[in-house]
Amino acid sequence: MRPDPRELAAIFVGGFAGAVVRAELADRFAADPGSWPWETFAVNIAGAFLLGWFVTRLQERLPLSAYRRPLLGTGFCGALTTFSTMQVELLFMLDAGRTGLALTYAAASVVAGFVAVLLATNLVRTGGRLRA
């Protein structure tokens, strides 16, 4: 099976845009090792929200497209969010003897990311109105 060059191009373009946004934010808001990395945390939560929004909207509200999901989900959100940076930051916290902070950061990232996806999905499905 040959990959679709247009799908690969969509992933590349989305990935480029997400990586540029991520790099700009990393340059402007670098965290000190051993402290809470707000930039990575915020970007990952925003990326989780956007991924929930895009996937739900593209699957349930818009006509199917072979290129929107790779562009926005795989490309943009994949490059914007960064599990690898989070891992390195966790290692820095552990090296600095901040085990409690590392555990809190890891748990808060997972929980907040999950809540962001639920919120985005709920907003798409209800037309922008929150429901309990």
Side-chain angles (χ1 to χ4, degrees):
M1 185 170 140
R2 293 186 52 174
D4 180 353
R6 292 174 294 185
E7 184 177 18
L8 292 176
I11 294 168
F12 175 81
V13 169
F16 178 81
V20 168
V21 171
R22 175 79 175 96
E24 285 296 318
L25 291 170
D27 284 346
R28 292 179 192 218
F29 303 104
D32 294 324
S35 66
W36 190 277
W38 285 106
E39 178 270 330
T40 303
F41 182 77
V43 165
N44 285 342
I45 303 315
F49 179 90
L50 289 172
L51 186 60
W53 179 274
F54 292 146
V55 169
T56 306
R57 181 118 175 107
L58 294 173
Q59 286 294 117
E60 298 178 9
R61 300 281 185 215
L62 297 175
L64 291 179
S65 165
Y67 308 112
R68 286 187 208 137
R69 195 166 173 181
L71 173 77
L72 298 170
T74 305
F76 185 78
C77 291
L80 177 67
T81 59
T82 176
F83 185 69
S84 58
T85 299
M86 182 180 151
Q87 288 178 307
V88 170
E89 290 166 345
L90 287 167
L91 290 174
F92 284 153
M93 289 176 199
L94 294 172
D95 288 345
R98 309 284 313 267
T99 305
L101 181 65
L103 291 171
T104 302
Y105 175 54
S109 295
V110 171
V111 170
F114 184 67
V115 168
V117 169
L118 288 176
L119 177 63
T121 300
N122 187 339
L123 286 171
V124 170
R125 289 181 175 162
T126 60
R129 297 176 313 278
L130 288 176
R131 96 186 138 159

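Sequence positions, counted from 1, serve as the residue numbers for this chain. Owing to the predicted nature of the structure, the values given are computational and were not obtained by experimental measurement.
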Treat each ILVMFWY residue as a node, draw an edge where side-chain heavy atoms are under 4.5 Å apart, and state whether [X] and [Y] are in one component.
X: Leu119; Y: Val43; result: yes
X: Ile45; Y: Leu118; result: no
X: Val21; Y: Leu72; result: yes
X: Val55; Y: Leu62; result: no
X: Val117; Y: Leu123; result: no

To the nearest 0.5 Å, tell me how far [X] [atom1] sits from [Y] [atom2].
X: Trp38; Y: Leu25; atom1: CH2; atom2: CG; result: 15.5 Å
X: Ser35; Y: Tyr105; atom1: OG; atom2: OH; result: 10.0 Å
X: Met86; Y: Leu91; atom1: CE; atom2: CG; result: 11.0 Å

Of all the heavy-atom pairs spanning [X] and [Y], show the shortest one and how long it is.
X: Glu60; Y: Arg125; value: OE2-NH2, 2.7 Å
X: Met93; Y: Ala102; value: SD-CA, 3.6 Å
X: Glu39; Y: Phe29; value: CB-O, 3.4 Å
X: Ala79; Y: Ala19; value: CB-N, 3.5 Å
X: Ala116; Y: Phe49; value: O-CD1, 3.4 Å
X: Ala48; Y: Gly113; value: CB-O, 3.6 Å

Please examine the side chains of [Y] and [X], heavy atoms only from C-beta on, and report whether any two atoms are closer than 4.5 Å.
X: Gln87; Y: Thr82; value: no
X: Ile11; Y: Leu71; value: no
X: Thr56; Y: Arg61; value: no
X: Ser109; Y: Asn44; value: no

query = For atom CZ of Arg28, is the number of surrounding heavy atoms from other residues, nucleotides or ligands below 6.0 Å larger than 12?
reply = no
task = Would you please indicate yes or no on a ring centroid separation below 6.0 angstrom for Trp36 and Phe41?
result = yes
task = For Arg69 and Phe54, indicate whether the former's side chain and the latter's backbone hold a donor-acceptor pair under 3.5 Å.
result = no
request  = Say whether, by atom type as modelled, one donor and one acceptor occur between the side chain of Arg68 and the main chain of Pro63 under 3.5 angstrom.
outcome  = yes
task = Before giving the answer on side-chain contact (heavy atoms from CB on, under 4.5 Å), spell out for Arg98 and Leu90 the whole-Å C-alpha distance, their side-chain angles and the decisive distance to 0.1 Å.
result = CA-CA 9 Å; Arg98 309 284 313 267; Leu90 287 167; over 6 Å; no
inquiry  = Testing Thr81, Leu50, Leu51 one by one against Phe76 for a side-chain contact (heavy atoms from CB on, under 4.5 Å), which residue passes?
reply    = Leu50
